[in-house]
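Letters A, B, ... mirror the listed sequences (proteins, then strands); counts begin at 1. Quick caveat: nothing in here was measured; it's all calculated off a predicted structure.
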Number of protein chains: 2
Amino acid sequence: MKSIAIGELSRRAAVKVPTIRFYEERGLLPTPVRTEGNRRTYGEGDVRTLRFIRHARELGFEIEDIRTLLDLAGHPDRPCGEADAIARKHLADIDDRIARLTGLRREMQAMVEQCSGGDVGECRIIEVLADHGECLSDRH
Amino acid sequence: MKSIAIGELSRRAAVKVPTIRFYEERGLLPTPVRTEGNRRTYGEGDVRTLRFIRHARELGFEIEDIRTLLDLAGHPDRPCGEADAIARKHLADIDDRIARLTGLRREMQAMVEQCSGGDVGECRIIEVLADHGECLSDRH
DNA sequence: GCTTGCTCCTCTAGTCGCTGGAGGAAGTAG
DNA sequence: CTACTTCCTCCAGCGACTAGAGGAGCAAGC
């Protein structure tokens, strides 16, 4: 079984080298065996694990959640309720962020549309920023 | 003209005291006059400035942009093209984030719906995370 | 005048998830 | 043997705060 250097792991999982070391430090990747010359060596399992991590990160999961998900992935016999809960919570978070951003978008759109292109003195953008009362909503 | 202490400024602009000091350090708020006992003193103008900053932050503008917007707000005779550009760029950023989050939301929704509630071994959530090929899109 | 309790001061470090660089050692190809 | 690449550790920085330590100032009641 041939061993993989950190650079190759980096290419194969599309994760930068310092990031791999960072994940190791944070306990997401197991402490790798070192060569005589003190270099980290990895195997195919590490490629899979790292891809899992990267994928979860791309989907916006936090490191802590990924730690739990990785733990679960290593125990196929356990019930998947916890994974489900994490995913559902994450989905709710995303919905929340979309809702807030959509609200902001409306405000920004209104601001930009009202700018007449004159001087700052008449600029609605500056005016709206200066006075919260001008806003469409006060929830932000 | 009565002067305002940092605590009162904090309450009136709804910005925490350490955050006020942070804004001062970053050059968004002018260096305040100090009392004999070395305490910062503020005026009504500072309340307005701080509210402007907070409002812009709530709308998601970055500190650097706010610095420019504040500078513009202090010069009503200048053309407002720069403010308009900042606002438009910010709007585009928001659109971008909404689009990406909406994509993620679809993925997450699909993941959560496919979880049958059994063991981790059959869990679609873990499976999808482990294999990017399962995704609806590969842009993330 | 003294004590109590609040507000304020500076400085430092921590959050999150990386990213980049310095300075040096190890491995590899010609 | 040299040149080049990859790797090592350690440290600093990003953005926008937030929190805490340890101390000093200040107002009010006694």
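You'll find that the side chain of B/Arg34 is closest to C/dT10, out of C/dC18, C/dG20, C/dT10. Among D/dC7, D/dT18, D/dG15, the nucleotide with an atom closest to any side-chain atom of B/Arg26 is D/dG15. Of the candidate nucleotides D/dT18, C/dC8, D/dA16, D/dA16 has the atom lying nearest to any side-chain atom of B/Ile63. Minimum atom distance to the side chain of B/Glu62 is reached by D/dA16, of the listed D/dA16, D/dC7, C/dG20. The listed nucleotides are C/dC8, C/dG17, C/dT10; the one nearest the side chain of B/Ile6 is C/dC8. With C/dC8, C/dG27, C/dC18 as the candidates, the nucleotide lying closest to the side chain of B/Arg39 is C/dC8. In the set D/dC17, C/dG17, C/dG27, C/dG17 carries the atom at the smallest distance from any side-chain atom of A/Arg57. Of the candidates D/dA19, C/dT10, C/dT7, C/dT10 carries the atom nearest the B/Asn38 side chain, counting heavy atoms from C-beta on.
Rounded to a whole Å, the CD atom of B/Glu64 is 13 Å from the C1' atom of D/dA16. Note: OH (A/Tyr42) to P (D/dT6) measures 16 Å, nearest angstrom. Between the CZ atom of B/Arg11 and the C1' atom of C/dC6 there is a distance of 11 Å, given to the nearest Å. The nearest whole Å value for the distance from the CD atom in B/Glu24 to the P atom in C/dT10 is 8 Å. The nearest whole Å value for the distance from the CD atom in B/Glu58 to the P atom in D/dA16 is 15 Å. One atom, CZ of A/Arg54, and another, P of C/dT19, lie 13 Å apart when rounded to the nearest Å. Straight-line distance from the CZ atom of A/Phe22 to the C1' atom of C/dC16: 7 Å, rounded to whole Å. Rounded to whole Å, atom P of C/dC9 lies 5 Å from atom CZ of B/Arg40.
At a threshold of 4.5 Å between non-hydrogen side-chain atoms, the residues B/Asp46 and B/Pro30 count as touching. Inter-residue side-chain proximity for A/Ile98 and B/Arg97 is flagged as unmet; no heavy-atom pair is nearer than 4.5 Å. You'll find the side chain of B/Glu24 reaches within 4.5 Å of the side chain of B/Arg40, heavy atoms only. Taking 4.5 Å as the limit, some side-chain heavy atom of A/Met111 sits within range of a side-chain heavy atom of A/Leu129. Side-chain contact between A/Ser10 and A/Ile20: present, with at least one pair of heavy atoms (C-beta onward) separated by less than 4.5 Å. Between A/Arg39 and A/Ile6 the shortest side-chain heavy-atom distance does not fall below 4.5 Å. Under the 4.5 Å side-chain criterion, counting only non-hydrogen atoms from C-beta, A/Val120 is not in contact with B/Asp77.
Distance check, rounded to the nearest 0.5 Å: CZ of B/Arg67 to CD1 of B/Ile63 gives 7.5 Å.
Looking at heavy-atom distances under 4.0 Å, A/Phe61 makes no contact with the nucleic acid at all. Contacts of A/Arg21 with the nucleic acid, taken as non-hydrogen atoms under 4.0 Å apart, include base atoms. Among the heavy atoms of the strands, none lies under 4.0 Å from B/Glu36.
Between A/Tyr23 and C/dC18 there is a side-chain N or O to OP1 or OP2 distance below 4.0 Å. Taking side-chain N and O atoms only, A/Lys16 has a distance below 4.0 Å to OP1 or OP2 of C/dG20.
Between A/Ile53 and A/Thr35, the residue anchored closer to the 5' end of DNA chain C is A/Ile53, taking for each the nucleotide with the nearest heavy atom.
Against DNA chain D, the stretch residues 83-91 of chain B makes no heavy-atom approach under 4.0 Å.
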